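Side-chain atoms are counted along with the backbone in the values below, which use heavy atoms only and exclude waters and symmetry mates. Whatever order the structure lists ligands and atoms in, that order sets their numbers, starting from 1. Residues take their numbers from the sequence shown, with the count starting at 1. Predicted, not measured: the structure shown is a model, and the values here were computed from it.
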Amino acid sequence: MTEANQPPGIRDMIARLVSLPSVSSASPDWDLSNEAVVQTLAEWLRPLGFETDIMPVPGMAGKYNLIATLGRGPGGLVLSGHTDTVPYDERNWHSDPFTLSERDDRWYGLGTCDMKAFFALAIEAVRGLDARKLKQPLIILATADEESSMNGARALAEAGRPKARYAVIGEPTSLRPIRMHKGIMMERLVFEGQSGHSSNPALGRNALEGMHAAISELLALRADWQARYRNPAFEVQVPTLNLGCIHGGDNPNRICRRCELHFDLRPLPGMDMDELRSNILQQLQPLARERNLEMAFSPLFDGVPPFETPANAELVRTCEALTGHRAEAVAFATEAPWLQKLGMETIVLGPGSIDQAHQPDEYLALSQVEPAVTLLRGLIQRFCVE
Ligand SMILES: [Zn+2]
């Protein structure tokens, strides 16, 4: 292996990753392939001894996951990140989002903190590591579409790969371990009745009145869930249900034929998404039937389950010891539920602040770089070498 094959330094790696657009979005106008990012990571990892497996995400053209493995064995550690970024508004940036720019001891660029830089830091941490010294494998996992459908992580869970004992997701947490987040559900409810002249209610079936009753039921369910579930680790300690938007009817003097409501639910760890949906359905079906309204209730996207790793888990205790911080809960969702589904003890822990994620002038503070590399080396030492 020649020196020329080795990956470049941290700054150059981050600059290269930032320069490769990989926006993912439910809107086709924005959505891009992540292939260039995944190929670049694979090219850097191969000379370091990693076996690289680039897996197309089924049903999603141009989207790939990368599983890069160093060493062998049944246990081991996964360092996981997503390769995509959110869309951006160039007019609000003070420098080109795709050109890494250094000012005020910060690296600015789209995806610096969320979360392309994490890959560069992970690669830096493994540089010079001798595969023969590993007792357990080290896996670098790079996923597609975390910012949109989470279909990269879903595809991995379905494929049953990768397998390891522990997983660290390097989302920006300011290097504080996170062992819990809420889930995200976005649901759509539609009532369809019959229009008619407003002067005689018997001429129609009013979808808007049905929705009024449905909203009362949803708010009653919310009150019930909030009375039963509480977790003091979260800033908002109870599950939430937000009525987000509603569209129905067209005229004051016409019986409303159709009404559509979109709402958002944030379940706490321990709440099951399918159970919540079936509770909602049970409450709403009778009220639609009484009013002779057609009802459709469906998710707007598949949702992200809530996530929790126990406080006494070995990975949690190790991360607390290495960072000097107690593990916390956060308000944002991650791919953690799917990695957990693969049987791995999972934690979210990475450089950069979530406050800079999804913002114009996204940056990574240079002060996070060395501590992150040191932390990753500590985790590799603990879970792969010792
Ligand atoms: Zn992220």
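The two residues Thr85 and Glu147 have their closest heavy-atom pair at C-CG, 3.9 Å.
Nearest to the Zn ion (ligand 1), among the N, O or S atoms that Glu171 has, is OE1.
Remark: Arg103 qualifies as a cation-pi partner of Tyr108 under the 6.0 Å distance and 45° angle criteria applied to the six-membered ring.
Under the 4.0 Å criterion applied to side-chain N and carboxylate O atoms, Arg179 and Glu328 are not assigned as salt-bridge partners.
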side-chain contact (heavy atoms from CB on, under 4.5 Å) evaluation trace for Ile347 with Glu320: CA-CA 11 Å; Ile347 207 161; Glu320 287 178 338; over 6 Å; no
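The Zn ion (ligand 1) has no N, O or S atom of Glu146 inside 2.8 Å of it.
With the Zn ion (ligand 1) as the vertex, OD1 (Asp114) and NE2 (His82) define an angle of 100°, rounded to 10°.
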